[in-house]
Amino acid sequence: MAKSQQPKYVVRVDEETGMKRYPFFLDPVPRLHWEDPTADHLMTHEQPVILTGTDLVTPALRWDLPYLENNMGSSKHTVYISKTSKFMYFDDKKVSNFPNFREPMKKREWTFSKFVDELRAHTRGGDEHIYYQDTLTDAVGTSIKHDFVHFNWRWLNERKKRYNWGQLTTNLLLIGQPGNITPCHYDEQHNYFCQVMGEKRCMLFSPANFEKLYPYPVAHPCDRQTQVDIDNPDFERFPKFRHLSGYECIVKPGDVLYIPMYWWHYIESLPKSGISMSITFWYRSGPVPSKITYPLDAQQKTAITRNIEKMLNEALQDPAEVGPLLHMIMDGRY
């Protein structure tokens with residue numbers, strides 16, 4: 001009997017926005033005022049939501065390139081260069097684990113004025129893309145510090161207490177040209193993703209999709225990233241990807257997108273919305289509960305999976321031995 005034919009995987013481009021439309025199903029991320037009880041319910045249960053009315057980064061909504069160029073100071077900032085529109089994070093401390101690894105992007109340290117000159121040049125044309133990704137530190141000028149101090153820290157501290165999160169670890173300023181893409185990955189912290197300028201499209205997938213997104217091994221430099229090329233997936237290697245579904249939204253200036261810990265996310269600067277700017281607020285998870293409830297949720301299972309891989313890597317001292325050992329344990333037994 002002939003095998004049933006799978007539907008063809010077709011990626012289309014929206015002529016109006018320039019965005020790619022993927023064949024997997026995407027529900028809209030709820031957009032709610034932060035005081036709406038439903039927003040609180042979603043965050044309590046670690047579900048994504050766009051929060052409005054927070055005034056979290058209102059002073060930054062007046063930022064543009066000339067203002068930042070005049071006020072960021074003369075210090076050096078981290079900028080990434082990619083030969084494509086995709087900027088896949090990698091951990092350079094893990095590169096030695098995989099001798100044949102090729103860095104997907106290059107890191108540079110530039111003054112902000114140098115970055116602005118390069119951004120304008122790259123936006124005018126060419127295949128190469130650049131992306132500013134640096135923390136907001138005391139090295140910035142007085143005006144930026146004034147804006148930063150007047151972010152809505154009271155609201156943030158109240159949310160941190162409400163959801164029993166750990167400490168704020170970093171604030172990242174992101175500035176990129178149209179079409180820049182952060183490929184699908186997950187993080188081990190909660191994130192308030194604040195849009196300041198331009199628009200971004202975000203696709204999110206729950207931790208329950210772990211096996212459908214085939215992350216790189218923990219010891220790999222691209223740990224926490226999917227191995228699947230969502231534009232042209234290899235269904236022979238990654239058959240479960242065909243059953244992926246998730247959520248989607250467009251974030252606009254003033255929006256705050258809550259990205260829960262361990263939720264997969266793909267973020268794209270809209271190709272036709274101009275230069276984009278975002279600020280992130282990263283929080284550690286809260287203390288481990290004194291009593292574990294069962295069955296475990298998808299976030300807990302992801303954490304367990306990571307811990308098992310880390311333990312095996314430490315015990316075996318060779319990432320290449322982890323897979324064969326796991327197969328020896330699993331094959332024909334579970």
Side-chain angles (χ1 to χ4, degrees), residues 24-27 29-30 41-49 88-89 91 94 97 163-166 169 182-193 202-228 230 233 235 237-248 257-267 282-316 319 321-334:
F24 41 78
F25 184 76
L26 295 168
D27 270 323
V29 175
H41 175 84
L42 290 168
M43 290 199 58
T44 299
H45 291 85
E46 298 186 8
Q47 301 285 313
V49 59
M88 179 178 279
Y89 169 81
D91 186 344
K94 296 181 179 180
N97 294 335
Y163 304 117
N164 197 30
W165 290 350
T169 60
T182 301
C184 195
H185 68 287
Y186 68 88
D187 297 302
E188 295 184 274
Q189 298 186 62
H190 298 283
N191 182 7
Y192 280 133
F193 186 92
C202 306
M203 295 189 294
L204 299 105
F205 309 95
S206 84
N209 287 285
F210 187 93
E211 64 179 0
K212 298 173 188 172
L213 284 162
Y214 301 89
Y216 282 93
V218 167
H220 193 278
C222 294
D223 172 29
R224 300 183 290 103
Q225 321 283 323
T226 181
Q227 298 180 75
V228 183
I230 68 170
F235 290 115
R237 289 186 63 199
F238 311 119
K240 294 179 182 178
F241 178 78
R242 194 180 291 278
H243 307 294
L244 182 69
S245 63
Y247 297 84
E248 181 184 36
L257 172 62
Y258 167 54
I259 304 177
M261 183 171 63
Y262 294 129
W263 271 71
W264 296 81
H265 47 287
Y266 164 108
I267 299 180
W282 297 91
Y283 284 89
R284 297 189 188 280
S285 62
V288 177
S290 57
K291 183 178 181 181
I292 304 297
T293 57
Y294 296 92
L296 299 179
D297 60 32
Q299 285 94 327
Q300 290 169 312
K301 290 178 180 177
T302 300
I304 289 172
T305 299
R306 293 189 60 80
N307 287 335
I308 290 172
E309 283 192 64
K310 289 177 182 178
M311 180 185 67
L312 291 176
N313 276 293
E314 186 174 341
L316 296 171
E321 291 191 24
V322 174
L325 180 61
L326 289 172
H327 280 292
M328 184 181 75
I329 293 171
M330 296 289 298
D331 290 352
R333 299 179 66 228
Y334 291 95

Review point. Which distance, rounded to the nearest 0.5 Å, do you find between the CG of D27 and the CG of L204?
Key: 12.0 Å
Revision key, fill the gap. Rounding to 0.5 Å, atoms CG (L316) and CE (M311) come to a distance of 9.0 Å
Review point. Which atoms form the tightest heavy-atom contact between M261 and H190, and what is the distance?
Key: N-ND1, 3.4 Å
Check your understanding: Side chain of K94, backbone of V218: donor and acceptor closer than 3.5 Å?
Key -> yes
Exercise for review: Check ring-ring contact (aromatic ring centres under 6.0 Å, His included) between F235 and all other residues, then give those that pass, not counting sequence neighbours.
Suggested key: Y9
Point to revise | Minimum side-chain heavy-atom gap L326-L312 below 4.5 Å | key: yes
Exercise for review: Would you give the length of the straight line joining atom NE2 of H185 to atom CE of M88, rounded to the nearest 0.5 angstrom?
Suggested key: 10.0 Å
Study note, to complete from the structure: When every non-hydrogen atom of D187 is compared with those of R224, the smallest separation belongs to OD1-NH1, 2.8 Å
Exercise for review: Name all residues meeting the ring-ring contact (aromatic ring centres under 6.0 Å, His included) criterion together with F193; count only those two or more places apart in sequence or in a different chain, and write none if there are none.
Suggested key: none
Review point. Taking the six-membered ring for Trp, are F24 and F241 parallel (under 30°), tilted (30 to 60°) or perpendicular (over 60°)?
Key: perpendicular
Exercise for review: Supply the atom-to-atom distance H265 NE2 to N191 CG, rounded to the nearest 0.5 angstrom.
Suggested key: 6.5 Å
Study note, to complete from the structure: For Q225 and P183, the nearest pair of non-hydrogen atoms, with its separation, is OE1-O, 4.3 Å
Check your understanding: Given Y186, which of F205, W264, W263 fulfils the side-chain contact (heavy atoms from CB on, under 4.5 Å) condition?
Key -> W264
Point to revise | Minimum-distance pair of heavy atoms, taken over all atoms of I230 and P233 | key: O-CD, 3.8 Å
Practice item. Please tell me if the side chains of P217 and V322 come closer than 4.5 Å, counting only heavy atoms from C-beta onward. Key: no
Review point. V228 and L213: side chain to side chain contact (heavy atoms under 4.5 Å, CB included), yes or no, with the steps?
Key: CA-CA 7 Å; V228 183; L213 284 162; 5.5 Å; no
Point to revise | D223 side chain vs A219 backbone, donor-acceptor pair below 3.5 Å | key: no
Practice item. To the nearest 0.5 angstrom, please state how far the CZ atom of R237 sits from the CD atom of Q227. Key: 5.5 Å
Review point. Under 6.0 Å between the ring centres of Y163 and Y258?
Key: no
Check your understanding: Q300 side chain to D297 main-chain N or O, any donor-acceptor pair under 3.5 Å?
Key -> yes
Check your understanding: Who pairs with H220 by ring-ring contact (aromatic ring centres under 6.0 Å, His included), at least two apart in sequence or on another chain?
Key -> F98, F101, Y216
Exercise for review: Please indicate whether R284 has more than 12 foreign heavy atoms, meaning atoms of other residues, nucleotides or ligands, lying under 6.0 Å from its CZ.
Suggested key: no
Practice item. Using the side chain to side chain contact (heavy atoms under 4.5 Å, CB included) rule, take M203 and Y247 through it: C-alpha gap first, then chi angles, then the decisive distance, then the call. Key: CA-CA 6 Å; M203 295 189 294; Y247 297 84; over 6 Å; no
Revision key, fill the gap. Heavy-atom closest pair (S245 atom, N209 atom, distance to 0.1 Å) is O-ND2, 3.6 Å
Exercise for review: Indicate yes or no for a side-chain donor-acceptor contact from Y214 to the backbone of K240 under 3.5 Å, with no hydrogens or angles considered.
Suggested key: yes
Review point. Of all heavy-atom pairs between P30 and V49, which one has the smallest distance, and what is that distance?
Key: O-CG2, 3.5 Å
Exercise for review: Rounded to the nearest 0.5 Å, what's the gap from CD on Q299 to CZ on F210? Could you check?
Suggested key: 12.5 Å
